[in-house]
Number of protein chains: 2
Amino acid sequence: MADVARLAGVSHQTVSRVLNDHPNVRQETRERVLAAIEGLGYRRNSSARALVTRQTNTLGVVAFDTTLYGPASTLYGLERAAREAGYFVSIVSLRELTRDDLAEALDHLARQQVDGLVVIVPQSAIAVALAEMPQPVPVVTVEGDAGVGLPVVNVDQRKGGALVTEHLLRLGHRTVWHVSGPPDWLESQARTQGWRETLLAAGAPIPEPLSGDWSPRSGYRCGQLLAGVPDLTAVFVANDQMALGVVRALDEARIRVPDDVSVVGFDDVPESEFFTPPMTTVAQDFSEVGRKAIELLLDALADDRDHSAPAAEGADGAYPAVPPARIVVQPHLVVRRSSGPPRRS
Amino acid sequence: MADVARLAGVSHQTVSRVLNDHPNVRQETRERVLAAIEGLGYRRNSSARALVTRQTNTLGVVAFDTTLYGPASTLYGLERAAREAGYFVSIVSLRELTRDDLAEALDHLARQQVDGLVVIVPQSAIAVALAEMPQPVPVVTVEGDAGVGLPVVNVDQRKGGALVTEHLLRLGHRTVWHVSGPPDWLESQARTQGWRETLLAAGAPIPEPLSGDWSPRSGYRCGQLLAGVPDLTAVFVANDQMALGVVRALDEARIRVPDDVSVVGFDDVPESEFFTPPMTTVAQDFSEVGRKAIELLLDALADDRDHSAPAAEGADGAYPAVPPARIVVQPHLVVRRSSGPPRRS
DNA sequence: CTGAAAGCGCTTACAG
DNA sequence: CTGAAAGCGCTTACAG
């Protein structure tokens, strides 16, 4: 910066001014400085800047199992939105969904002095744990709505479960069986709730749901159980991977999809259109979720800056009690060949 | 830090010494300082530290399409290994695989002053472009071996292609058709090469390969073409997603897998075991790739520090010309039901 | 083994 | 519109 100042024939804080788009710089001076910057290939030292501004311009993301399509897509949306807003993104993937791992991740990111955090917290216990941890910086949660008072963006999973169930009922099925995800996952709970409520509203019998761990293998095991159910005509499986396993197990039991049994998944992974048969499923706009989360976080950061200015605060310095922001993204049903009317028996 | 020093009754650089595990601190002093740190919940300011040490302790990763299983898994391995080594990881996903996007990504990461970079460069043109760009910090490439002189870790894709082809020939197929990935992808080229060499060595006819873009849809289109090939008995498809599409298209043409035609994929995505039929494929240890890449990068960083010390350098300050490091991870064949002996016609 | 001093490269009131 | 000065919170020779 000193070099730039010298070459442009100004002081170094004038250089700083043009770098920060300060208004009080004469046009001609600005141009001279810009030329010097260009000529020297100068690049501002971000550490020095962070030291004085107390902002690192980096956002932390903590996620779980980013090899799955959903988290990976959300992460992609987050990264893209953050970068477009001029932020760096630092990521940590949890090995396990435990309180300790989460605490460690937050600690790691705090060490880096991120300006804000987005945490993907799929389990209720984890959402609660997160809410109880000290939060030195603004936090936005994704899929973490356990009513714990943190800002959240999520997909309306309950609606998704309802869409599937309505679809199957409308096709003429008397009821719909269900393979849920792990019971302690929020997404899993909401999808199951949507399914149950819809059956209830329709006066349809409500079978005992089976549950898997999202993996195709667990779906396969549930499928083997389902193959023994008399009168089975329709199954709602809580994700596409498990649905694939269910179809496989039914196939091995000589039960045809959709001729004998309709199977519907959830997520609309890119493969699902090419499963045998192509899978009816629910699409979620993960990128949108990522974008919205960053939007919310940037809003929170801006609020934070406003409030830290010693302006119109309450006497006790407390923030006005605004309810935490909530953004809900709507899913939609994608009908393919794995679902159809029940076979007349 | 001043607070800690005061509480411990020492100067602030003694605090710095215990923080940096400097040997010259009396045990008793160290303990007093540690206690003060604990008591105050003190955490070192990383920006200030980075400013003076010129190390941010963060590694940059640039990847393309991290929603795919391979890149997502590699990223996971990278992140985990980096964090275990005490590094932060900052990620940028390329929207498009172009020179401009790559340059922009590197610029972004340079702005953050990462200590080192791992770049996943699947296309030959991109590998070349990367090699030509100025590299202010050590770089390790993944799947980027275009002989451009950068350190690289990759999977032996050629071997993978050979494993598949040998497997099918051994089952008794006269030859093996091939659906490759995009021709400008290095992984694609290597898999095709392994296939071709194996057919050649066996004296088998070499059909003209089809090619897709890794998506299930493109596999589906190729499958429709293959359905019209007389004498078709075996196909090697360059990834599992496309293989899924191929199977779907064959199925629609009433061609049964594996009864009529054997199909083999590549990658061993978690779903492939539950496809209908379960897919024979090639497994790659993506986490291992990630770990090795970080290992290589950390080595390079250590070398860099050694060399920047004004020790035993050549007169011109040039580094000794060691060839760039290369790590090759071996893939292995996973045989499932989608491949079998040809039908006697 | 420990402390006083300088400096890393910026930004930010404060003057002019 | 522009500059001289202080300071952000560390580390690192340099003394003692």
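The only member of B:Val4, B:Asp3, B:Thr29, B:Val25 that meets side-chain contact (heavy atoms from CB on, under 4.5 Å) when paired with B:Val15 is B:Val4.
The residues A:Glu132 and A:Arg99 are annotated as salt-bridged, a charged nitrogen and a carboxylate oxygen being separated by less than 4.0 angstrom.
One interatomic measurement links the two molecules: CG of B:Asn57 to P of D:dC10, which rounds to 15 Å at whole-angstrom precision. Rounded to whole Å, the distance from CD on B:Gln27 to C1' on C:dT2 is 16 Å. What separates CE of A:Met1 from P of C:dT12 is a distance of 11 Å, to the nearest Å. In this entry the distance linking CG of A:Leu51 with P of C:dC10 reads 12 Å, nearest Å. Put simply, NE2 on A:His12 is 10 Å from C1' on C:dT12, counting in whole angstrom units. With rounding to whole Å, A:Gln55 atom CD is found 17 Å from D:dC8 atom P. One atom, CZ of B:Arg111, and another, C1' of C:dG9, lie 17 Å apart when rounded to the nearest Å. Taking atom CG of residue B:Asn45 and atom C1' of nucleotide C:dC8, one finds them 13 Å apart after rounding to whole Å.
OP1 or OP2 of C:dT11 has at least one side-chain nitrogen or oxygen of A:Arg44 nearer than 4.0 Å. For A:Thr29, no side-chain nitrogen or oxygen approaches OP1 or OP2 of D:dC1 to under 4.0 Å. For the OP1/OP2 pair of D:dT11 and a distance below 4.0 Å, the side-chain nitrogens and oxygens of B:Ser16 include at least one atom meeting the criterion. In terms of phosphate contacts, A:Arg49 brings a side-chain nitrogen or oxygen within less than 4.0 Å of OP1 or OP2 of C:dT11. When the side-chain nitrogen and oxygen atoms of B:Asn20 are compared with OP1 and OP2 of D:dT11, one or more of them lie within a distance under 4.0 Å. Distances shown here put every side-chain N or O of A:Thr14 at or beyond 4.0 Å from the OP1 or OP2 atom of D:dT2. Taking only side-chain nitrogens and oxygens, B:Arg26 comes nearer than 4.0 Å to OP1 or OP2 of C:dT2.
Residues B:Pro71 and B:Thr74 form no side-chain contact, since every pair of their non-hydrogen atoms from C-beta on lies 4.5 Å or further apart.
Nucleic acid contact for B:Ser46: none, since no nucleic acid atom lies under 4.0 Å from a heavy atom of the residue.
Between the side chain of B:His22 and the base of D:dT12, no donor-acceptor pair of N or O atoms lies under 3.5 Å. Interface remark: the B:Arg17 side chain does form a donor-acceptor pair with the C:dG3 base, using a distance-only criterion of under 3.5 Å.
Shown here, C:dG3 forms a base pair with D:dC14; the pair counts as Watson-Crick or G-U wobble because both key distances fall under 3.5 Å.
One side chain, B:Thr67 or B:Asp65, offers a donor N or O that lies under 3.5 Å from an acceptor on the other. The closest side-chain donor-acceptor pair between A:Asn45 and B:Arg111, if any, does not fall under 3.5 angstrom.
In this structure, B:Gln13 and A:Val52 both approach DNA chain C, and ranking their closest nucleotides by distance from the 5' end singles out B:Gln13.
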